Amino acid sequence: MRKPVIAGNWKLFKTNKEAADLITRLIPEVKSNRNVDIVVAPVFTALTSVKQAIAASNIMLAGQDCFWEEEGAFTGEVSPKLLLDAGCSHVIIGHSERRQYFGETDETVNKKMKAALKAGLTVLFCIGETLAQREAEKTFEVLNRQVTGGLSGITKEQLKNIIIAYEPVWAIGTGKTATDEQAQEAHAFIRSLVTGLYNQTAGNKIRILYGGSVKPENIKGLMTQPDIDGALVGGASLKAESFSAIVNFG
Ligand code: PEP
């Protein structure tokens, strides 16, 4: 039985005060939900204030990215060790916006994942095809490359601390969700890739989240699919009302 995960990616939104307001409204709405792992990923500058607010709650904290070095002359970067220090248990790596705007590649994603796992963080490993790749019928080829490249050199033991997020780029922030069937097809394929790279148990156990315009209205349909184990939520995680409705989908 795979425990569902609902993670909120706050992207480049929310001052400390706005983040504190959001989390304060969210806590009571989800506090009785023990069936779902709940994660929020604020901007780096709001991690500490959100951590203080969620201290006695069932909500976990994630960074939105990290660098692969622990420390050094790397201006502007944040290491896994510093995310842990700020109270994070999770980190998002390989988000399509980082791949698209900040030159992230399968190789840098792999280096970041290894560093984050070594430090003891759980990784939300993002993959997904663009619209052009889907239209060119390259979805499976792209997912194969991203999964194989991202997981290169990662052991079966380390895999236990990875959650995959399948996020078709054409569905992120566009209001266009993949149909339940499109998402299930991709998730089943990703699970089969993990089974092939590791073994059947690893494939059965890995949690695969869907991301791309998830809303209270479409979460139920997605969650009834056998290979969908939760969601990575952007826009709808910025309001306590919509994010809590997604968390409490059941
Ligand atoms: C995301 O940022 O990972 C995401 C899925 O965004 P949205 O829910 O807004 O499409």
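No experiment lies behind these values; they were computed from the predicted model shown. When a ligand or atom number is given, it counts from 1 through the structure's own listing order.
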Sub-4.0 Å atoms of ligand 1 with respect to non-hydrogen atoms of [X]:
X	result
L232	3 (O), 5 (C)
G212	5 (C), 10 (O)
N9	1 (C), 2 (O), 3 (O)
S213	7 (P), 8 (O), 10 (O)

Practice task
Could you tell me whether the side chains of S152 and N110 share a donor-acceptor contact shorter than 3.5 Å?
Solution key: no
Practice task
Return yes if a side-chain donor-acceptor contact under 3.5 Å exists between Q100 and S96, otherwise no.
Solution key: no
Looking at [atom], what's its closest protein heavy atom, distance included?
atom	value
atom 1 (C) of ligand 1	H95 NE2, 3.3 Å
atom 3 (O) of ligand 1	E167 OE2, 2.6 Å
atom 4 (C) of ligand 1	G234 N, 3.6 Å

Exercise for the section: Select the closest option to atom 10 (O) of ligand 1 among G128, A41, G173, judged by heavy-atom distance. Expected result: G173
Is [Y] paired with [X] through a side-chain N to carboxylate O contact shorter than 4.0 Å?
X	Y	answer
E104	R99	no
R207	D37	yes
K17	D21	yes

Practice task
Heavy-atom distances under 4.0 Å are what count here, so tell me which part of A171 touches ligand 1: side chain, backbone, both or neither.
Solution key: backbone
Handout entry: Mode of I172 contact toward ligand 1 - side chain, backbone, both, neither (heavy atoms, under 4.0 Å)
Key = both
Is there a polar contact, in the sense of an N or O pair closer than 3.5 Å, between [X] and ligand 1?
X	answer
T174	no
G211	no
G235	yes
K11	yes

Exercise for the section: Output yes when a side-chain donor or acceptor of Q182 lies under 3.5 Å from a complementary backbone atom of T179, and no otherwise. Expected result: yes
Handout entry: Gap separating the CD1 atom of I228 from the CZ atom of R2, nearest 0.5 angstrom
Key = 10.5 Å
Practice task
May I ask you to check if K111 and W68 form a cation-pi contact, with NZ or CZ under 6.0 angstrom from the six-membered ring centre and within 45° of the axis?
Solution key: yes
Problem - D227: partners by salt bridge (charged side-chain N to carboxylate O under 4.0 Å, His left out), with sequence neighbours left out - result: R191
